Every structure is written in structure tokens, then in C-alpha cells.
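One structure is given here, and the rest of the page talks about it.
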2 protein chains.
Amino acid sequence: MGRWEPNAQARLRQAAMDLYASRGFERTTVAEIAERAGLTERTFFRHFADKREVLFAGSERLQELLVETTAASFEASGPAGAVVAAFEHAATSYFPEVAFSRQRQDIIDANPPLQERELAKLDRVAAALAQVLRDRGVADPAAAVAAESGVAAFKVAFTRWVTGAAEGELIDHLRAAFTTQRSLLGAPVPVTPGT
Amino acid sequence: MGRWEPNAQARLRQAAMDLYASRGFERTTVAEIAERAGLTERTFFRHFADKREVLFAGSERLQELLVETTAASFEASGPAGAVVAAFEHAATSYFPEVAFSRQRQDIIDANPPLQERELAKLDRVAAALAQVLRDRGVADPAAAVAAESGVAAFKVAFTRWVTGAAEGELIDHLRAAFTTQRSLLGAPVPVTPGT
DNA sequence: ACCGCGATGTCAGCCGCTGTCATCGGCTCG
DNA sequence: CGAGCCGATGACAGCGGCTGACATCGCGGT
């Protein structure tokens with residue numbers, strides 16, 4: 001590639017993770033990250049769109065995975081079933097050990113700007129999944145609802161998994177969340193009286 | 001209050017909305033907003049936490065409303081029903097005319113940072129609703145799932161209402177979203193095969 | 001008349017982020 | 001083997017969001 005040390009991007013990410021974990025996200029400057037990686041601040045911004053993105057680079061991979069799996073399961077499982085299948089597949093094949101996810105999540109949970117970015121990523125996932133369903137003929141309220149509801153259940157499962165609120169792997173929490181969702185919403189909802 | 005023109009906060013908000021709409025969010029500086037409002041940049045940040053918050057101040061009111069209504073409907077309607085009732089009540093009593101919401105949403109849709117903030121607000125709403133349910137004895141996967149699913153349906157309904165994707169008031173889109181959600185998720189979901 | 005206080009102004013400064021141009025090697029091609 | 005292209009990085013200047021610290025000004029109460 002170049003005449004410099006290789007893996008500039010990986011070095012930057014590692015330096016950022018270390019500093020975010022030890023000193024905190026806010027009190028870490030981009031200049032510090034770059035210096036620790038043996039690069040300059042300008043180069044940091046050539047590899048990452050902004051200071052937050054370091055923690056989310058690679059999330060496109062999850063989205064692609066979910067899109068592919070949803071598309072693959074659609075014919076057999078229908079809209080909601082395909083979304084469920086996609087998340088269940090990702091739960092067992094995409095996410096690293098809890099320990100790693102937890103460390104990362106601790107950093108995110110401690111910093112509102114990072115939470116915002118995480119929610120944005122999840123929203124893009126929902127939009128992408130909805131589009132997959134639309135491309136396959138699902139009309140619009142249903143497509144969007146299926147996608148958003150799937151993401152909603154995933155958020156709950158992921159949170160419970162990563163915080164260790166209860167025993168079990170991510171896939172267990174995910175199945176529990178989907179089951180809970182079906183039983184909560186499947187039951188007839190009383191019509192709200194006019195007041 | 002003071003010796004200056006009154007309604008400083010309202011003037012700042014109006015100035016910001018005008019400039020965001022005409023010049024765009026990015027190309028509007030806080031100094032310009034303040035000048036247009038007859039104040040200084042420093043004063044802007046005394047009224048709004050950051051440049052984005054101008055568009056979201058007042059969203060706490062929606063959250064409070066939803067929390068109150070959910071709490072009030074809980075006993076009669078249960079977790080999911082209370083959340084549904086809360087959103088339906090808000091849909092008819094909180095949101096201004098479409099035209100106003102649409103103008104605001106156009107600004108938000110054009111700027112990723114604003115979308116992130118909006119998602120953050122919705123996430124706080126979900127967290128608050130989940131807490132209401134927990135306080136009333138709903139165990140945790142269910143509380144979080146009910147809240148997040150309600151927000152998911154609301155997101156879809158609001159989007160369709162504000163973009164004019166279909167006819168109808170917000171409440172109509174909301175009922176359609178909830179109905180769609182029930183029929184999609186209430187049906188038995190096929191078990192995903194081992195492959 | 002005096003004083004406390006809250007809202008605003010002023011000033012200096014950090015830091016995220018960007019545009020622009022220079023630099024340095026490895027690479028291809030003749 | 002030399003010339004020149006090219007991709008990755010460096011160096012520098014600058015804007016703008018945001019904050020801390022301190023001064024100022026009048027309103028309202030005593």
C-alpha cells in the first residue's frame with residue numbers, strides 16, 4: 001500500500017477504543033487518538049467520518065447480513081417471519097463474545113452522542129429491511145411496521161443480553177423478545193373508549 | 001423578567017426555524033440566529049443545549065403526556081393496550097396541523113444530525129414508557145417490548161401522516177399501524193429451519 | 001436609596017472538522 | 001532504467017459549535 005506502517009485504520013480504531021475506555025469519549029481528542037496511532041489528526045478524518053464513527057465502522061456488515069437473510073427467508077416465511085429469521089440468524093453468526101460487546105456498550109451508554117449514532121444505525125437497518133419487503137410486494141404500512149417491530153424486539157433483546165439482565169445467549173433473549181411481542185400484541189387490544 | 005425585549009427563547013426559535021428553512025441547517029450559524037433574534041450567540045446556548053435542540057424543545061411535553069396517559073390506561077387496558085391508548089390520545093391532542101409538522105419534518109429529513117436527535121427523543125420516550133410499565137409490575141422483557149413496539153408503530157404512522165403517503169389524520173394512520181402490527185405479529189411465525 | 005438576582009453581553013479559548021497544497025514512495029510504462 | 005502517475009499521509013490555515021469566567025444592567029423588594 002504505502003511506505004508507512006500498515007493497518008492505519010485498525011491502529012486508529014484500537015487507539016480510539018483504548019482512550020475512550022480509559023479517559024472517556026468526551027475527554028479524548030482526535031489529536032490524541034492520532035498521536036497514539038502514530039498518525040495525524042487529518043489522517044484520522046480520512047478513515048472515519050467523525051469521532052463517533054470509530055465505534056460503528058463495520059455496522060454496514062450487519063445491515064447487509066440482515067438484508068440478505070430477510071430476502072432469502074421471505075418467500076417461505078412472509079414479511080414478519082423473514083425479519084424474525086434474519087435477526088435470529090444474525091444473533092448466532094454476527095455478534096462477538098458478550099465481553100467484547102459489553103465493553104463497547106459501556107462506552108456507548110456513557111455518552112449520549114454515541115447513543116444517538118447507534119440509534120441512527122438501527123434506524124437505517126429498519127429502513128433497509130422495509131425496503132426489502134417493499135421490493136417483494138409488501139404494501140407500505142405493513143412493510144415498515146414489520147421492519148420497525150423487528151428492530152424494536154432486537155433492541156430489547158440486545159440490551160438484555162449485553163447488560164446481563166438475565167442468563168442466556170443473544171439468540172435466547174431474541175426468541176424471548178419475539179415471543180413476548182407476539183403474545184402481547186397478538187391478544188385482542190380493547191378498544192379505547194371515547195373517554 | 002428582564003430589561004430586554006421579552007420572549008427571548010421564542011424569538012430565537014423563530015429565527016432558527018426561518019433560517020433553517022431558507023438557508024438550510026448546516027449553512028446557518030448560531031451567530032446568525034442570535035443576531036436575527038437581537039441577541040448574542042452566548043445567549044442562544046443559554047436557552048438551547050445545542051444547535052439542534054431548537055427543533056426539539058417541547059418534546060418533553062409529548063413524553064409527559066404519553067407517560068400520564070399510559071399510567072392512566074394501564075389498569076383497564078394492560079401494558080400493550082395502555083401504550084396504544086396513550087399514543088392514540090396523543091395523536092388527537094398533541095400534534096399541530098400537518099402543514100406545520102411537515103415543514104418541520106422537511107428540515108429534519110434533510111439533515112442527518114437532526115434525524116439522530118429525533119431518534120434519541122423517541123428512544124427516551126420508549127424508555128420512559130417501559131419504566132411506567134415496570135413500576136406497575138410488568139416484568140422486563142414485556143415492559144420494554146411493549147414500549148418499543150408502540151414507538152415502532154408510531155414512527156411508521158407519523159412518517160406516513162407527515163409525508164402524506166396516504167390520506168387521513170394521524171390517528172387514522174396510527175390505528176392502521178397498530179392493526180397491521182397485530183395482524184402481522186399475531187399470526188403464528190414459522191419456526192426457522194436449522195439451515 | 002440600596003441590594004440581590006436573573007438575564008444578557010463580552011471575551012478568550014478548546015476542539016471537531018474541512019479545504020488545500022505539498023510530500024513521499026511504489027507503481028507502471030516505455 | 002528513468003519519467004511520471006497515483007494513493008496515502010503530512011502540514012497548515014480556518015470556520016464554527018460550544019464553554020467558562022466575569023462584567024453589566026435594571027427590576028423588585030426592603
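So you know, we letter chains A, B, ... as the sequences are listed, proteins then strands, and number each from 1. Only a predicted model underlies this, so the values are computations on that prediction, with no experimental measurement involved.
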Handout entry: Protein-nucleotide distance (A:Phe25, atom CZ; C:dG16, atom C1'), rounded to Å
Key = 10 Å

Exercise for the section: Please report, rounded to the nearest Å, how far the C1' atom of D:dG17 is from the CD atom of B:Glu26. Expected result: 13 Å

Handout entry: Side-chain donor/acceptor contact of A:Arg46 with base of D:dG7 under 3.5 Å
Key = no

Exercise for the section: Tell me yes or no: between the side chains of B:Gln105 and B:Glu118, is some donor less than 3.5 Å from an acceptor? Expected result: yes

Problem - Value in whole Å for how far the C1' atom of D:dA8 lies from CZ of A:Phe48 - result: 15 Å

Problem - Between P of D:dC15 and CD of B:Glu32, the distance in whole Å - result: 14 Å

Practice task
Go through C:dC17, D:dT9, D:dG17 for me and flag the one nearest to the A:Asp50 side chain.
Solution key: C:dC17

Exercise for the section: Give a yes or no on whether A:Glu68 atom CD has more than 12 heavy-atom contacts from other residues, nucleotides or ligands under 6.0 Å away. Expected result: yes

Practice task
Could you tell me the separation between the CD atom of B:Glu116 and the P atom of D:dG17, rounded to a whole number of Å?
Solution key: 17 Å

Fill in the blank from the handout: Closest of D:dT9, C:dG16, D:dG17 to the A:Leu39 side chain is D:dT9

Practice task
Can you tell me the distance, in whole Å, between the CZ atom of B:Arg11 and the P atom of C:dT8?
Solution key: 8 Å

Practice task
Send over the distance from A:Phe45 CZ to D:dC12 C1', rounded to a whole Å.
Solution key: 15 Å

Exercise for the section: Return no unless some side-chain N or O of A:His47 is found under 4.0 Å from OP1 or OP2 of D:dT9. Expected result: yes

Practice task
Evaluate the criterion side chain to side chain contact (heavy atoms under 4.5 Å, CB included) for residue pair A:Glu64 and A:Val67; output intermediate values, then yes/no.
Solution key: CA-CA 5 Å; A:Glu64 291 166 14; A:Val67 164; 5.7 Å; no

Practice task
Please report the shortest heavy-atom distance between A:Ala86 and A:Leu66, naming the atom on each side.
Solution key: O-CD2, 3.5 Å

Handout entry: Residue whose nearest DNA chain C nucleotide is more 5′ - A:Arg42 or B:Thr40
Key = B:Thr40

Handout entry: Length of the CZ-P vector between B:Phe44 and D:dG16, whole Å
Key = 15 Å

